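Predicted, not measured: the structure shown is a model, and the values here were computed from it.
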Amino acid sequence: MPRIDPVTAPYSEALQQRFARLVPPGMTPPAIFRTVARNESLFLHLVDSGLLGRAGLLDRRVLSPRLRELLILRTCVAAGNDYEWHLHVDTVSARMGLAEPQIADTRRPVPDPALWSAAELAALALPDALVRRLDVDDALYARLAAHYDTAELIEMTQLIGLYAGVAMMVALARPERDRYQAVT
């Protein structure tokens, strides 16, 4: 049972317009969107500012869709956010270029090196370091810097932070899991 009930249809005109920008026609907006929309002005700002878009938070098309999705899923795992992990897996993870074994591997304590490139293995370690320890040691930084430039590392860190914030919202509101059919 959710602690904060999501808004339900009929939505205000402003919310209808923003939801239409985020989800395909006929799809019920995810519970977390409808929950945040309880603070309508904040939700409108998130969408209008471009912070929240069709592919989620902070999709500036700087990071590849595959890398973004990998970071999001691993952040969800590090933060204990099963709701958001399932939401992404059921809606966009495969379309962003992750195969089923890779998606499942994001939940393992130690990723299988056979499934990932060296760059992706370094990226998988970043949410663990930032969310679980709030620290990036010199060895991990060197691994990351071998594959990503400074601008990418900053954006990766901001993306992880935003999805850690989503985990906090989920912990507060406890939305019911959306029952979308997994897209492959």
Side-chain angles (χ1 to χ4, degrees), residues 1-98 100 103 106-107 123 126-127 130-131 151-152 154-184:
M1 187 86 164
R3 287 183 179 155
I4 300 173
D5 290 325
V7 296
T8 57
Y11 307 118
S12 71
E13 182 62 31
L15 284 177
Q16 282 181 301
Q17 290 173 1
R18 286 2 174 259
F19 288 151
R21 289 165 49 184
L22 299 174
V23 298
M27 179 180 174
T28 300
I32 194 66
F33 288 7
R34 292 180 291 117
T35 299
V36 174
R38 282 283 174 198
N39 181 331
E40 188 168 317
S41 65
L42 174 64
F43 185 80
L44 299 179
H45 175 72
L46 291 171
V47 177
D48 292 346
S49 70
L51 187 61
L52 178 59
R54 277 191 174 259
L57 292 168
L58 195 66
D59 186 8
R60 297 174 358 98
R61 307 226 183 338
V62 172
L63 304 176
S64 73
R66 178 183 168 88
L67 177 59
R68 280 186 86 257
E69 193 63 15
L70 173 62
L71 291 167
I72 291 166
L73 292 182
R74 192 61 177 193
T75 300
C76 290
V77 171
N81 186 357
D82 284 339
Y83 168 87
E84 189 74 13
W85 188 90
H86 283 287
L87 177 60
H88 273 256
V89 169
D90 291 348
T91 59
V92 298
S93 295
R95 285 185 293 146
M96 298 299 122
L98 296 177
E100 283 188 42
I103 292 168
T106 63
R107 294 182 81 95
L126 187 57
L130 291 172
V131 175
E152 290 170 318
I154 291 169
E155 187 144 340
M156 290 164 71
T157 300
Q158 291 299 305
L159 180 68
I160 292 164
L162 288 168
Y163 276 90
V166 171
M168 292 175 194
M169 185 70 220
V170 167
L172 174 74
R174 292 193 181 159
E176 291 181 357
R177 184 171 164 205
D178 299 290
R179 298 294 176 188
Y180 302 123
Q181 293 296 321
V183 177
T184 57

### Query
Below 4.5 Å, heavy atoms only, C-beta onward: do Pro24 and Arg54 meet side chain to side chain?
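In short, these two side chains touch, coming nearer than 4.5 Å.
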#### Entry: Note, Thr106 side chain near Trp85 side chain (heavy atom, < 4.5 Å)
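The answer is yes; the side chains approach within 4.5 Å.
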#### Entry: Pairing residues for Pro25 by the side chain to side chain contact (heavy atoms under 4.5 Å, CB included) criterion, not counting sequence neighbours
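Expected list: none.
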#### Entry: Partners meeting side chain to side chain contact (heavy atoms under 4.5 Å, CB included) with Leu42 (sequence neighbours left out)
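For Leu42, the residues satisfying side chain to side chain contact (heavy atoms under 4.5 Å, CB included) (neighbours in sequence not counted) are Val36, Asn39, Leu46.
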### Task
Without swapping roles, check the side chain of Tyr11 against the backbone of Phe19 for a donor-acceptor pair under 3.5 Å.
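The answer is no, because no donor-acceptor pair under 3.5 Å joins these two groups.
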### Donor-acceptor pair, side chain of Ser93 and main chain of His88, under 3.5 angstrom
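Yes.
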#### Entry: Thr91/Asp178 under side chain to side chain contact (heavy atoms under 4.5 Å, CB included): CA gap, chis, key distance, verdict
CA-CA 10 Å; Thr91 59; Asp178 299 290; over 6 Å; no
Looking at every non-hydrogen atom in both residues, tell me the closest pair between [X] and [Y] and how far apart they are.
X      : Y      : value
Pro175 : Ile32  : CG-CD1, 4.2 Å
Pro127 : Thr75  : CB-OG1, 3.5 Å
Ala123 : Leu67  : CB-CD1, 3.7 Å
Asp82  : Arg107 : OD1-NH2, 2.7 Å
Tyr180 : Pro30  : OH-N, 3.1 Å

### Task
Could you check Glu176 against Thr35 for side chain to side chain contact (heavy atoms under 4.5 Å, CB included), going step by step and ending with a plain yes or no?
CA-CA 10 Å; Glu176 291 181 357; Thr35 299; over 6 Å; no
Within this structure, what is the [atom1]-[atom2] distance for the pair [X] and [Y], rounded to the nearest 0.5 Å?
X      : Y      : atom1 : atom2 : result
Leu22  : Leu52  : CG    : CG    : 5.0 Å
Leu172 : Ile4   : CG    : CD1   : 4.5 Å
His45  : Leu51  : NE2   : CG    : 7.5 Å
Leu71  : Met156 : CG    : CE    : 4.5 Å

### Task
Return the set of residues passing side chain to side chain donor-acceptor pair (under 3.5 Å) with Glu155 (not counting sequence neighbours), or none when no residue passes.
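Side chain to side chain donor-acceptor pair (under 3.5 Å) list for Glu155, sorted by chain: Arg60.
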### Message
Tell me whether Arg174 at atom CZ has more than 12 heavy atoms from other residues, nucleotides or ligands lying less than 6.0 Å away.
### Response
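No, CZ of Arg174 has 12 or fewer neighbouring heavy atoms, counting only those of other groups under 6.0 Å.
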### Task
Give every residue pair that meets the salt bridge (charged side-chain N to carboxylate O under 4.0 Å, His left out) criterion with at least one member in residues 31-50, sequence neighbours excluded.
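Every pair satisfying salt bridge (charged side-chain N to carboxylate O under 4.0 Å, His left out) with a residue in residues 31-50: Arg18-Asp48, Arg21-Asp48.
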### Task
Could you note down all residue pairs passing salt bridge (charged side-chain N to carboxylate O under 4.0 Å, His left out) where residues 62-76 supplies at least one of them, sequence neighbours left out?
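Passing the test, one end in residues 62-76: Asp59-Arg68, Arg66-Glu120, Arg74-Asp128.
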### Task
Just do the side chain to side chain contact (heavy atoms under 4.5 Å, CB included) check on Ile72 and Met96 with the steps written out, would you?
CA-CA 11 Å; Ile72 291 166; Met96 298 299 122; over 6 Å; no
Donor-acceptor pairs under 3.5 angstrom involving side-chain atoms of residues 161-170: please list them, not counting sequence neighbours.
{"from": "Tyr163", "atom 1": "OH", "to": "Leu57", "atom 2": "N", "distance (Å)": "2.9"}

